[in-house]
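Chain letters run A, B, ... following the sequence lines, proteins first and then strands; every chain starts at 1. These values consider heavy atoms only, across backbone and side chains, with no hydrogens, waters or symmetry-generated copies.
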There are 2 protein chains.
Amino acid sequence: MKLETRKEQIIKISTILFKEKGFSAVTMRDIAKAMGIKAASLYNHISSKQEILSNIIIALAEEFTEGITQIKKASSSSVDKLNSIVELHVNITSNNSFGMASLNNDWMHLEEKLEYYLKLRLDYEQDFRQIIERGIANHELQDSNAEVMLFSMLSTLRSLYIWIPNKEDLNPSKLSSDLSRVLLKGIIK
Amino acid sequence: MKLETRKEQIIKISTILFKEKGFSAVTMRDIAKAMGIKAASLYNHISSKQEILSNIIIALAEEFTEGITQIKKASSSSVDKLNSIVELHVNITSNNSFGMASLNNDWMHLEEKLEYYLKLRLDYEQDFRQIIERGIANHELQDSNAEVMLFSMLSTLRSLYIWIPNKEDLNPSKLSSDLSRVLLKGIIK
DNA sequence: GAATGTAACTAACAAGTGTTAGTTTGTATT
DNA sequence: AATACAAACTAACACTTGTTAGTTACATTC
């Protein structure tokens with residue numbers, strides 16, 4: 001039970017506000033009001049509005065990078081790797097559904113960290129793509145358009161942040177397995 | 001070959017800018033500059049920044065509403081209805097991939113039209129849900145979590161605006177059929 | 001008790017925001 | 001030539017933006 005630093009509290013509250021209205025529409029005065037202090041006081045803990053956004057997005061992006069790195073080097077089947085990716089997204093999103101909104105919608109407002117973020121994202125997509133392509137090559141997956149498969153899975157997984165908070169009864173491991181079934185086996189009988 | 005009104009030109013350019021940086025981060029001066037005029041001149045054609053956003057979003061939302069209304073009343077199978085929904089999204093998004101960004105990310109900045117938009121969206125989702133539930137009831141679809149099926153399909157379809165512009169070689173009818181196959185039949189062999 | 005560090009405050013800044021008022025320019029119609 | 005209209009302009013408004021400077025209050029440490 002470690003105490004949150006003041007900076008962490010600011011980031012946490014900002015994350016919620018950023019999801020509601022987007023980074024650009026949230027002012028430092030909005031954040032300060034939500035913290036119960038004045039805007040100028042925020043600068044005792046953070047150095048800019050930018051820094052808040054970077055903290056939110058980069059932390060999440062690195063979590064995904066770590067996750068897929070583990071999955072990649074496992075010796076499991078392609079299908080099991082895809083299951084693990086679904087689980088990875090469900091877990092990260094369950095723990096930080098607000099931050100995922102910024103990751104998805106406000107990454108273009110990163111400035112110094114933009115390039116780094118884009119590299120992480122590209123690498124992630126490339127790893128994901130490769131898992132699918134291996135699955136096709138070794139006949140675990142259907143021999144159809146890999147790019148569409150990637151797009152379809154990734155879109156669904158990236159949108160989880162919209163749905164997870166609305167389902168209070170949510171059990172992450174049940175959601176993972178339901179989602180895996182739908183994504184991998186489809187919905188037709 | 002009808003000429004575009006000045007207002008339509010403003011909306012078209014704004015749509016592109018809104019996709020790049022989001023509604024809140026785009027200023028009237030940005031829009032004016034892209035039009036080659038001064039910000040004040042915009043007001044000869046539109047009455048507020050809000051109005052531009054409303055025009056973009058509501059037009060698209062109504063297109064989806066019309067589309068699903070047609071699909072709903074057709075006498076086709078549930079699976080064919082789902083194929084038609086995929087086609088509907090691919091077509092609308094192909095014609096207006098920029099506007100779809102606003103629809104997805106900036107709807108919360110609608111003011112007078114917010115309530116109306118939310119009703120359209122809720123009704124659309126309800127129609128979509130009902131098609132899936134009927135498909136389960138008549139054994140066309142697997143008897144598993146309808147909500148997850150809806151979520152998965154809708155997330156993918158709503159994200160099309162991100163991918164379509166990146167694929168120049170895009171053939172809408174091929175994309176529709178590839179996507180339908182993946183969404184409905186899954187990717188596992 | 002003096003010194004230090006944390007975290008708040010007030011006040012203000014320069015720049016940017018959406019928008020309005022009033023005016024000018026060019027083109028088409030009478 | 002006179003009129004009307006569309007569409008641009010300049011100038012300014014009231015307000016909001018992120019951020020800085022300098023100060024104060026309080027607790028902890030020496």
Report task. For dA7(D), take OP1 and OP2 only and decide whether either is under 4.0 Å from a side-chain N or O of S41(B). Result ->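 Checking dA7(D) against S41(B), no side-chain N or O comes under 4.0 Å of OP1 or OP2.
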
Report task. Output yes when at least one side-chain N/O atom of H45(A) is less than 4.0 Å from OP1 or OP2 of dA8(C), else no. Result ->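 Yes.
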
Query raised in the report: Would you say the side-chain atoms of K113(B) pair up with the backbone N or O of I57(B), donor to acceptor, closer than 3.5 Å?
Result: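 Absent.
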
For [X] and [N], give me the distance from atom [atom1] to atom [atom2], rounded to whole Å.
{"X": "L53(B)", "N": "dG18(C)", "atom1": "CG", "atom2": "C1'", "value": "15 Å"}
{"X": "M35(A)", "N": "dT6(C)", "atom1": "CE", "atom2": "C1'", "value": "14 Å"}
{"X": "K7(A)", "N": "dA8(C)", "atom1": "NZ", "atom2": "P", "value": "15 Å"}
{"X": "E51(B)", "N": "dG18(C)", "atom1": "CD", "atom2": "C1'", "value": "14 Å"}
{"X": "R6(B)", "N": "dC5(D)", "atom1": "CZ", "atom2": "C1'", "value": "16 Å"}
{"X": "I37(B)", "N": "dA6(D)", "atom1": "CD1", "atom2": "C1'", "value": "12 Å"}
{"X": "K33(A)", "N": "dC9(C)", "atom1": "NZ", "atom2": "C1'", "value": "17 Å"}

Query raised in the report: Same hydrophobic cluster for I16(B) and M28(B), using side-chain heavy-atom links shorter than 4.5 Å among ILVMFWY?
Result: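 Not linked; separate clusters.
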
Query raised in the report: Does E66(B) reach the side chain of E63(B), with side-chain heavy atoms less than 4.5 Å apart?
Result: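 They are not in side-chain contact.
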
Query raised in the report: Quick one: does M100(B)'s side chain get under 4.5 Å of L160(B)'s, heavy atoms only?
Result: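 A side-chain contact is absent here, since even the closest heavy-atom pair is not under 4.5 Å.
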
Query raised in the report: How would you list, by chain and number, every residue that makes a side-chain contact (heavy atoms from CB on, under 4.5 Å) with D178(A), sequence neighbours excluded?
Result: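 Scan of D178(A) (side-chain contact (heavy atoms from CB on, under 4.5 Å), adjacent residues dropped) gives K174(A), R181(A), N145(B), V148(B).
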
**Report entry** Among dC9(C), dT10(D), dA7(D), the nucleotide that comes nearest once only the side chain of K38(B) is considered
**Finding:**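 Minimum distance to the K38(B) side chain belongs to dT10(D).
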
Give every pair of a protein N or O atom and an N or O atom of nucleotides 25-29 of chain C that lie under 3.5 Å apart, one pair per line with the distance.
none

Query raised in the report: Do E125(B) and R158(B) meet the salt-bridge criterion of a basic N to acidic O distance under 4.0 Å?
Result: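 Between E125(B) and R158(B) there is a salt bridge, with a charged N closer than 4.0 Å to a carboxylate O.
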
Query raised in the report: What is the ring orientation for F151(A) with W163(B), classed by angle as parallel under 30°, tilted 30 to 60°, or perpendicular over 60°?
Result: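 Aromatic pair F151(A)/W163(B) classed tilted.
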
Requested in this report: Quick one: sort the H89(A) and F64(A) rings into parallel, tilted or perpendicular, breaks at 30° and 60°.
Outcome: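 Rings of H89(A) and F64(A): tilted, 30 to 60°.
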
Query raised in the report: Donor-acceptor pair under 3.5 Å: do we get one between N44(B)'s side chain and the base of dA6(D)?
Result: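 No pair found.
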
Query raised in the report: What string of B, S and - do you get for nucleotides 14-19 of chain D 5' to 3' if you count protein non-hydrogen atoms under 4.0 Å?
Result: ---BBB

Query raised in the report: Hey, what do you get for NZ (K72(B)) to CG (D127(B)), rounding to the nearest 0.5 Å?
Result: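 Here the interatomic distance stands at 3.5 Å.
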
